[in-house]
Amino acid sequence: MEFAEFCDLCRRLESTPGRLEKVALTANFLSRLAPEEIPWTVAFLTGRPFPASDPRVLELSWAALASVPVVAPNAQSRLALLDVAAGFAEIAAATGKGSRQAKIARLAQLLGRATSDEQPILRRILHGEMRIGVHDGLVEEAIAKASAASPAAVRRAALLLSDLAEVARIALTQGPEGLGQVGVALFVPLLPMLSELTDDFSEILAAHHGRTALEFKYDGARIQIHRRADLVRIWSRRLTEVTASLPDIVQIARALNGETFILDGEVVAVGSTGRPLPFQELMRRFRRVHKIEALVKEVPLALYLFDCLYRDGRSLIDEPYEQRWSALREITRGAYLAKSTMITDESAGREFLQAALAEGHEGVMAKDPASPYLPGNRGKRWFKLKSAVTIDCVIVAADRGSGRRRGWLSNYHLAVIDGHGGFAPVGKTFKGLTDQEFTEITARLRALEVADDGYTVTVRPEIVVEVTYNEIQKSPQYSSGFALRFARITRIRDDKSPDQATTLKELRDLYERQFLSKGRLEL
Ligand code: ATP
């Protein structure tokens, strides 16, 4: 396949708004490729110079790309699709001293072989931005269409292999049958299962049919450990290989009980006292690839394992949680396990959460004991409950309750001090109060009423409540610019006057602090 044809496809995709047409164009193109061209086409279409599971990287910064001289285009197209792949491989292969110059020279050479139509497409691949409206989901559909496989089968393989290029190669060369045989494989990392945020044990118990497995939620970084005999490799949450940075974890994995396994877990940086170190310290460990030994001593890691996806040559992801845990127990002989318990009532849940928080951890995970391991899935089979900071808000209005809360003013509009003599709204909540407190607050708010539109009663801002939340989000909906997610009243702060409530500036600081620690799993 000529690269010119690929460029032509890109231009047609760019000018075709319809999703179905895009799928058809892509599927048609894929079905005309030679097997070795398939992975590269999928990679290029999704703005990657290499297939996702190919560890090679160009290592060309934006500054380096910008410094590539303008190269006169070739009058005639001579590039094959695989020539471009080979050109990228040469750029990636330049390493060590003087490699920046070598990379730029090789790139200039590649550009010089491309025509004026092809050069812009090459540059788009290098920048990772194709601007043709093709995302992974659309490519999955195209693979399904071109190979006569079901979209669900393609999706499943994509989650297991984490590489659409490889999925496309298998689907198009081996058909639906080959795709069906894709399974969990050693040294092919799969996307980790994720969880939904909640603040409510009753929601969890309802979703998990009355019984749920709680585990401490450790505040570190997710890792996936693969081992066959003495060979151990480790991947991060984003499936970057981190084996070289974690020799201490490699050693632990080698000493575990089992020939072959894939384990899921969290590593936390610990100080000499055993308390968790700031997240930045952990990130230093993950980034370091040279002179690791000193850092291993300086920033020791604690390992907490919580799942087993593969054992003795067999995938366990379709087994229920409890089976996977019993495999994990045998492999670890009880060491390095996340602290866990099984509960059937809310109060036991709250007690376990308190214990996790008291030990300085982030919260707890609640996992459905009957659930399989669903790679890449974020849903109700796994929940997370996190600790929350409290702030003090002023009630500025309240909505009339309905159902069980009829007769009360029960949904409270919360606000913080805006710094200009007023209050800025940040959210609403009807959670956290007892029936008696609802009755009392309703009477007090009635006395403070300044307007009533039949649904919402606006009040003088006098009652201060302590509020917990799971997250502060940016919000165009509120004039404060922020919204509290999962707000819940923890106390009525009659000991505080409204001018002692939290200020908008404090809230902004909390938002930013949260932001700092949030980037933390972006490995
Ligand atoms: P967060 O920012 O809350 O860590 P996330 O998007 O990385 O979220 P979620 O599934 O939403 O992932 O939250 C679970 C995360 O918590 C996991 O990715 C993992 O890194 C971490 N974690 C710590 N302890 C556990 C545990 N026992 N089970 C599962 N995940 C755990």
Side-chain angles (χ1 to χ4, degrees), residues 159 162 189-199 203-204 207-208 212-225 234-240 242 246 249 262-270 276-280 282-283 285-286 301-309 317 321-322 324-325 328-329 332 335-343 349 352-353 355-357 359-369 371-389 469-473 485-486 511 513-523:
L159 289 170
S162 314
L190 51 155
L191 286 171
M193 181 163 174
L194 299 172
S195 62
E196 195 173 293
L197 185 65
T198 184
D199 66 343
E203 181 189 6
I204 294 170
H208 295 175
T212 190
L214 298 184
E215 296 168 6
F216 277 14
K217 182 178 194 303
Y218 299 93
D219 194 5
R222 186 95 175 245
I223 56 166
Q224 198 177 100
I225 305 173
I234 306 175
W235 281 270
S236 75
R237 182 182 189 282
R238 291 176 64 184
L239 310 187
T240 307
V242 291
L246 306 176
I249 304 296
I262 301 177
L263 306 179
D264 191 3
E266 187 93 348
V267 282
V268 182
V270 286
L277 290 176
F279 194 72
Q280 296 86 294
L282 178 59
M283 288 304 92
R285 278 297 305 273
F286 268 72
L301 299 183
L303 171 66
Y304 300 99
L305 298 168
F306 48 75
D307 222 311
C308 176
L309 318 185
I317 64 168
Y321 171 91
E322 290 187 288
R324 302 199 310 275
W325 256 84
L328 184 62
R329 281 212 176 81
T332 58
Y336 308 108
L337 292 179
K339 193 157 181 174
S340 71
T341 188
M342 198 67 80
I343 62 148
F352 193 75
L353 175 62
L357 298 178
E359 285 189 31
H361 303 298
E362 209 188 358
V364 297
M365 303 292 297
K367 302 180 179 178
D368 182 347
S371 168
Y373 190 93
L374 303 165
N377 180 76
R378 191 188 288 284
K380 294 184 190 303
R381 309 307 287 271
W382 283 16
F383 282 102
K384 59 179 168 185
L385 280 101
K386 295 201 214 176
S387 65
V389 190
Y469 56 85
N470 277 92
E471 200 176 11
I472 304 167
Q473 297 177 320
R485 182 149 190 246
F486 289 129
Y511 170 81
R513 267 217 323 257
Q514 153 194 291
F515 194 73
L516 277 182
S517 65
K518 276 220 111 166
R520 65 189 192 282
L521 288 164
E522 298 297 309
L523 295 171

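Atoms within each ligand, like the ligands themselves, are counted from 1 in listed order. Everything numeric here is computed off the predicted structure, so don't read it as measured data.
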Within-cut-off N or O pair, Trp382 and ligand 1, under 3.5 Å: no

Part of Lys217 within contact of ligand 1 (heavy atoms, under 4.0 Å): both

Partner residues of Phe352 under the ring-ring contact (aromatic ring centres under 6.0 Å, His included) criterion, sequence neighbours left out: Phe216

Heavy atom of Arg378, distance to ligand 1 below 4.0 Å: yes

Numbering as shown, the atoms of ligand 1 that approach Lys367 to under 4.0 Å (heavy-atom distance): 26 (C), 28 (N), 29 (C)

Separation between CG of Asp264 and CZ of Phe306, rounded to the nearest 0.5 Å: 4.0 Å

Proximal atoms of ligand 1 relative to Lys384 (non-hydrogen, under 4.0 Å): 1 (P), 3 (O), 8 (O), 9 (P), 11 (O), 13 (O)

Polar proximity ligand 1 side, Phe216 side, N/O cut 3.5 Å exclusive: yes

Test item: Arg485 side-chain N/O and Ile472 main-chain N/O as donor-acceptor pair under 3.5 Å: no

N-O pairing of Glu203 and Lys380 below 4.0 Å: yes

Heavy-atom donor-acceptor pair, Gln224 side chain to Pro192 backbone, under 3.5 Å: no

Any N or O of Glu362 closer than 3.5 Å to N or O of ligand 1: no

Enumerated ligand 1 atoms positioned under 4.0 Å from heavy atoms of Ser195: 9 (P), 10 (O), 11 (O), 13 (O), 14 (C)

With sequence neighbours excluded, residues passing side-chain contact (heavy atoms from CB on, under 4.5 Å) with Ala335: none

